[in-house]
Amino acid sequence: MPEKPDRNLALELVRATEAAALATSRWMGRGDKIAVDRAAVDAMRLVLNTVEMDGVIVIGEGEKDEAPMLYNGERLGSGHPPRVDIAVDPIDGTRLTAEGDAGALSVVAFSERDTMYAPGSMVYMDKIAVGPTARGVIDINAPVAENVAAVAKARDRDVDDLTVVILNRPRHAELIRQVRQAGARIRLIRDGDVAASIAAARPNTGIDMLVGIGGSPEAILSACALKCMGGEIQCKLWPRDESERQYALEQGMDLERVLTADDLVQGDNIFFSATGVTDGEFLSGVKFFGGGAHTSSVVMRSKTGTIRYVEATHRWEKLMRFSLIEFDR
């Protein structure tokens with residue numbers, strides 16, 4: 001049945017990712033990862049607490065300590081409905097920003113309460129992600145060569161036309177060998193697989209799929225974005241050692257279970273926002289000028305399938321009259 005337009009929380013989330021990007025980009029290339037992370041966390045937390053919501057962080061920065069952090073279980077917002085789960089990555093690419101490299105984002109997503117998957121201490125997952133044109137043809141349990149061939153066929157391309165993104169880690173040496181043997185091209189990235197997952201789902205980025213082992217929080221955030229974009233992600237929990245394997249078994253986690261986007265974030269009322277910190281595949285980084293800065297963001301909602309690109313200009317002479325965040329320091 002037709003509905004009246006309702007509140008799109010993604011349009012409020014973009015203020016939080018913009019604030020985090022503006023604050024942390026002041027530290028770009030200065031070699032201080034701690035300062036990069038702290039600036040992003042403080043700015044995002046301050047803005048999220050202004051949102052009219054009863055929010056709880058499911059995917060956060062870590063456990064509570066003496067400093068305010070976006071830790072798992074922290075409650076944010078006014079305390080009034082809507083009741084939402086929150087996934088945050090104030091800076092997806094801390095090292096990228098600290099070293100002045102490309103591809104860092106500030107990211108946050110909301111979904112209805114009790115709909116986000118909580119991986120606990122299982123901080124890594126094996127992943128494969130594609131865009132809408134290859135939805136339904138991938139299988140994380142199949143050899144990578146079969147997935148590459150299936151994606152090429154779905155996208156009406158030759159295998160050697162495809163570009164596969166893989167995190168540049170020693171653990172991926174065999175995976176890289178297999179992709180090369182299959183005949184596809186490879187883009188190795190240092191960090192930032194949320195951005196890579198989104199790029200795989202957007203047209204004209206030159207990225208066709210993401211494969212390999214990366215962070216569990218990034219998997220949930222990627223699932224939020226891909227559900228908005230019509231893409232697909234499949235994951236499996238990946239224990240780093242025997243202690244993590246035992247933890248998973250004690251928690252009743254099935255290490256052989258294939259987790260789909262619907263497992264990682266249930267329902268179809270998901271809100272997502274990302275703002276570029278440094279220049280990347282599909283979002284420009286923060287650009288400063290004498291009296292302010294420009295930001296580039298994407299905001300999405302799965303219910304409507306709407307994807308908006310937000311180019312914003314921030315003017316210090318006005319903003320700093322009331323802002324608690326020192327954007328112009």
Side-chain angles (χ1 to χ4, degrees), residues 7-25 36-62 68-78 82-94 97 103-113 115-118 192-195 197-198 215-229 264-265 267 269-277 280 282-283 285-286 295-303 306-310 312 325:
R7 183 180 173 200
N8 187 344
L9 285 167
L11 298 175
E12 299 174 53
L13 295 188
V14 72
R15 294 177 60 234
T17 56
E18 285 175 345
L22 286 166
T24 198
S25 61
V36 165
D37 190 62
R38 181 174 60 242
V41 168
D42 289 347
M44 179 174 281
R45 186 175 185 272
L46 189 151
V47 176
L48 287 178
N49 263 324
T50 70
V51 178
E52 187 79 2
M53 66 175 178
D54 177 3
V56 60
I57 293 183
V58 176
I59 302 298
E61 283 289 283
M69 291 182 69
L70 296 170
Y71 59 87
N72 295 346
E74 182 177 5
R75 304 190 81 92
L76 295 175
S78 65
R83 299 172 68 245
V84 297
D85 286 348
I86 305 173
V88 299
D89 199 344
I91 177 70
D92 179 32
T94 304
T97 305
L105 297 177
S106 177
V107 186
V108 64
F110 287 178
S111 65
E112 295 171 325
R113 180 64 55 81
T115 57
M116 281 188 185
Y117 181 82
D193 59 352
V194 175
S197 296
I198 296 172
S216 297
E218 289 82 0
I220 283 84
L221 282 160
S222 296
C224 291
L226 289 169
K227 286 193 72 168
C228 295
M229 304 175 80
L264 298 175
V265 57
N269 198 21
I270 300 157
F271 306 90
F272 179 93
S273 176
T275 299
V277 177
F282 71 101
L283 288 176
V286 175
T295 55
S296 177
S297 305
V298 60
V299 294
M300 314 183 201
R301 185 181 187 184
S302 65
K303 181 179 179 180
T306 304
I307 301 172
R308 292 179 171 91
Y309 291 91
V310 179
I325 305 168

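Please read all numbers here as calculations on a predicted model, not as lab measurements.
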Sidechain-backbone polar pair: [X] side chain, [Y] backbone, donor-acceptor under 3.5 Å:
X      : Y      : value
Asn49  : Leu76  : no
Asp85  : Val58  : no
Lys227 : Ile270 : no
Ser273 : Val299 : no

With rounding to the nearest 0.5 Å, note down the distance linking [atom1] in [X] to [atom2] in [Y].
X      : Y      : atom1 : atom2 : answer
Ser297 : Leu11  : OG    : CG    : 11.5 Å
Cys228 : Phe271 : SG    : CZ    : 9.0 Å
Met53  : Arg113 : CE    : CZ    : 9.5 Å
Leu221 : Asp92  : CG    : CG    : 8.0 Å
Ser222 : Asp89  : OG    : CG    : 9.5 Å
Thr306 : Arg301 : OG1   : CZ    : 8.0 Å

query: Mind checking what makes side-chain contact (heavy atoms from CB on, under 4.5 Å) contact with Ala104, not counting sequence neighbours?
result: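 side-chain contact (heavy atoms from CB on, under 4.5 Å) check on Ala104 returns Ile91, Leu96, Thr97, Val277, Thr278.
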
query: Is the shortest distance from a Lys or Arg side-chain nitrogen in Glu52 or Arg7 to a carboxylate oxygen in the other one below 4.0 Å?
result: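 Judged by the 4.0 Å cut-off on N to carboxylate O distance, Glu52 and Arg7 do not form a salt bridge.
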
query: Taking only residues two or more places apart in sequence, or in another chain, which ones meet Ser296 in a side-chain hydrogen bond (donor to acceptor under 3.5 Å, both in side chains)?
result: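 Expected list: Glu311.
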
Least distance between heavy atoms, [X] atom then [Y] atom:
X      : Y      : result
Ala19  : Ala43  : O-CB, 3.6 Å
Ile325 : Ala23  : CG2-CB, 4.1 Å
Ala20  : Pro90  : CB-O, 4.0 Å
Ile220 : Ala87  : CG2-CB, 4.4 Å
Ala274 : Leu283 : O-CD1, 3.7 Å
Pro82  : Leu9   : CG-CD1, 4.1 Å

- request: Could you walk me through whether Val298 and Met229 pass the side-chain contact (heavy atoms from CB on, under 4.5 Å) test, one step at a time?
  value: CA-CA 11 Å; Val298 60; Met229 304 175 80; over 6 Å; no

- request: Decide side-chain contact (heavy atoms from CB on, under 4.5 Å) for Ile198 and Phe272; before the verdict, give the C-alpha distance in whole Å, the side-chain angles of both, and the deciding distance to 0.1 Å.
  value: CA-CA 11 Å; Ile198 296 172; Phe272 179 93; 3.6 Å; yes

- request: Kindly indicate, with the supporting measurements, whether the criterion side-chain contact (heavy atoms from CB on, under 4.5 Å) is fulfilled by Asp37 and Glu61.
  value: CA-CA 10 Å; Asp37 190 62; Glu61 283 289 283; 3.0 Å; yes

- request: Please step through side-chain contact (heavy atoms from CB on, under 4.5 Å) for the pair Met116 and Cys224, ending with a clear verdict.
  value: CA-CA 9 Å; Met116 281 188 185; Cys224 291; 4.1 Å; yes

- prompt: With distance as the sole criterion, is a donor-acceptor pair present between the side chains of Thr275 and Thr295 under 3.5 Å?
  reply: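 Not at all, the side chains of Thr275 and Thr295 share no donor-acceptor pair under 3.5 Å.
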
Among Leu48, Thr115, Val88, the one residue meeting side-chain contact (heavy atoms from CB on, under 4.5 Å) with Phe110: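 With Phe110 as partner, side-chain contact (heavy atoms from CB on, under 4.5 Å) holds for just one option, Leu48.
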
- prompt: Are any non-hydrogen side-chain atoms of Val14 and Arg308 less than 4.5 angstrom apart?
  reply: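 Contact flag for Val14/Arg308 side chains = no.
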
